[in-house]
Amino acid sequence: MAEELKKELICILCPLGCKMSVSGDTDNPDDLVIRGQQCKIGRVYAVEEYTNPTRTLTSTVIIKNAPLARLPVKTNKPLPKSLIFKAMEEINRVELTAPVKMGTVVIENLLDTGIDIVTTRSLAALVD
Ligand code: SF4
């Protein structure tokens with residue numbers, strides 16, 4: 001069943017930072033009532049934040065044989081906020097061994113979303 005809510009939000013797409021409100025049925029995005037935006041892009045942002053908010057998820061994973069204990073990773077596309085806790089469970093299972101290059105895919109097609117988890121830096125292996 002569709003949700004009928006009201007949400008207040010601030011548009012982050014430009015420095016004006018318009019304060020907006022959105023209400024209506026999440027199953028009918030075209031009929032949502034949106035107030036406060038000063039441009040069309042703001043409306044698109046408000047619909048997205050109201051019906052399917054997403055975030056780029058950043059975290060770290062264990063790495064062995066490296067000068068650091070953990071390596072930073074992130075999603076290669078924004079992930080639905082509702083999946084963030086499940087995504088963290090998957091990320092917490094990852095264990096890498098150096099050397100690892102920046103941009104290496106460490107989880108492909110995370111939770112069947114088509115989104116990958118990739119490393120955001122390189123780490124060389126420890127030398128004896
Ligand atoms: S609604 Fe438009 S003008 Fe307002 S902050 Fe967003 S992008 Fe900027």
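- Closest approach of Gly36 and Cys18 over heavy atoms only: O-CB, 3.5 Å.
- Residue Leu123 comes nearest to Pro67 through the heavy atom pair CD2-CG, 4.1 Å, listed as atom of the first residue, atom of the second, then distance.
- In this structure Ala87 satisfies the side chain to side chain contact (heavy atoms under 4.5 Å, CB included) test together with Leu57, Leu79, Leu110, Leu111, sequence neighbours excluded.
- Here Thr97 pairs with Lys64, Asn65 under the side chain to side chain contact (heavy atoms under 4.5 Å, CB included) rule; sequence neighbours left out.
- For residues 83-94, every residue pair satisfying the salt bridge (charged side-chain N to carboxylate O under 4.0 Å, His left out) rule, not counting sequence neighbours, is listed here: Glu90-Arg93.
- The shortest side-chain heavy-atom distance between Val47 and Val22 does not fall under the 4.5 Å cut-off.
- Residues that satisfy the side chain to side chain donor-acceptor pair (under 3.5 Å) test with Asn28, not counting sequence neighbours, are Asp25.
- Panel note: side chain Asn92, backbone Met88; a donor-acceptor pair is recorded below 3.5 Å.
- The minimum heavy-atom distance linking Ser21 with Lys6 is given by the pair CB-CE, 3.9 Å.
- Follow the hydrophobic side-chain contacts under 4.5 Å out from Ile10 and you never reach Ile41; the two are in separate clusters.
- Listed for the Ser122 side chain is a donor-acceptor partner under 3.5 Å among the backbone atoms of Met102.
- Applying the 4.5 Å side-chain rule to ILVMFWY residues, one finds that Val127 remains a lone member of its cluster.
- Residues satisfying the side chain to side chain contact (heavy atoms under 4.5 Å, CB included) test with Pro99, not counting sequence neighbours, are Ala125.
- Clustering ILVMFWY residues whenever any of their side-chain heavy atoms sit less than 4.5 angstrom apart, transitively, puts Leu68 in the very cluster that holds Val61.
- If you chain together ILVMFWY residues whose side-chain heavy atoms come under 4.5 Å of each other, Ile62 ends up in a group of its own.
- A distance-only check finds no donor-acceptor pair linking the side chain of Tyr50 to the backbone of Leu32 [under 3.5 Å].
- Annotation: side chain to side chain donor-acceptor pair (under 3.5 Å) contacts of Thr60 (sequence neighbours excluded): Arg70.
- Nearest approach of Ala46 to Ile34, heavy atoms of both residues: CB-CG2, 3.9 Å.
- You'll find the side chain of Ile91 reaches within 4.5 Å of the side chain of Ile117, heavy atoms only.
- The list of salt bridge (charged side-chain N to carboxylate O under 4.0 Å, His left out) pairs with a residue in residues 103-114, not counting sequence neighbours, is empty.
- Between Arg121 and Leu71, some side-chain heavy-atom pair lies under the 4.5 Å cut-off.
- Note on Met20: it does not cluster hydrophobically with Val44, by side-chain heavy-atom contacts below 4.5 Å among ILVMFWY residues.
- Cluster partners of Val118 are Val105, counting Ile, Leu, Val, Met, Phe, Trp and Tyr whose side-chain heavy atoms approach within less than 4.5 Å, directly or via other members.
- Between the side chain of Thr119 and the backbone N or O of Val73, no donor-acceptor pair lies under 3.5 Å.
- For the pair Ser59/Lys74, no side-chain contact is recorded, criterion being any heavy-atom separation below 4.5 Å from C-beta on.
- Side-chain atoms of Glu48 and Asn52, non-hydrogen and from C-beta on, do get closer than 4.5 Å to each other.
- A distance of 9.5 Å separates CZ in Arg35 from CD in Gln37, rounded to the nearest 0.5 Å.
- For the side chain to side chain donor-acceptor pair (under 3.5 Å) test, no residue two or more places apart in sequence or in another chain qualifies with Arg43.
- Within the 4.5 Å cutoff, the side chain of Asn109 has no heavy atoms near those of the Ile115 side chain.
- Rounded to the nearest 0.5 Å, atoms CD (Gln38) and SG (Cys11) are 10.0 Å apart.
- Applying the side chain to side chain contact (heavy atoms under 4.5 Å, CB included) rule to Glu49 yields the partners Lys7, Leu9, Tyr45, Pro53, Arg55; only residues at least two apart in sequence or on another chain are considered.
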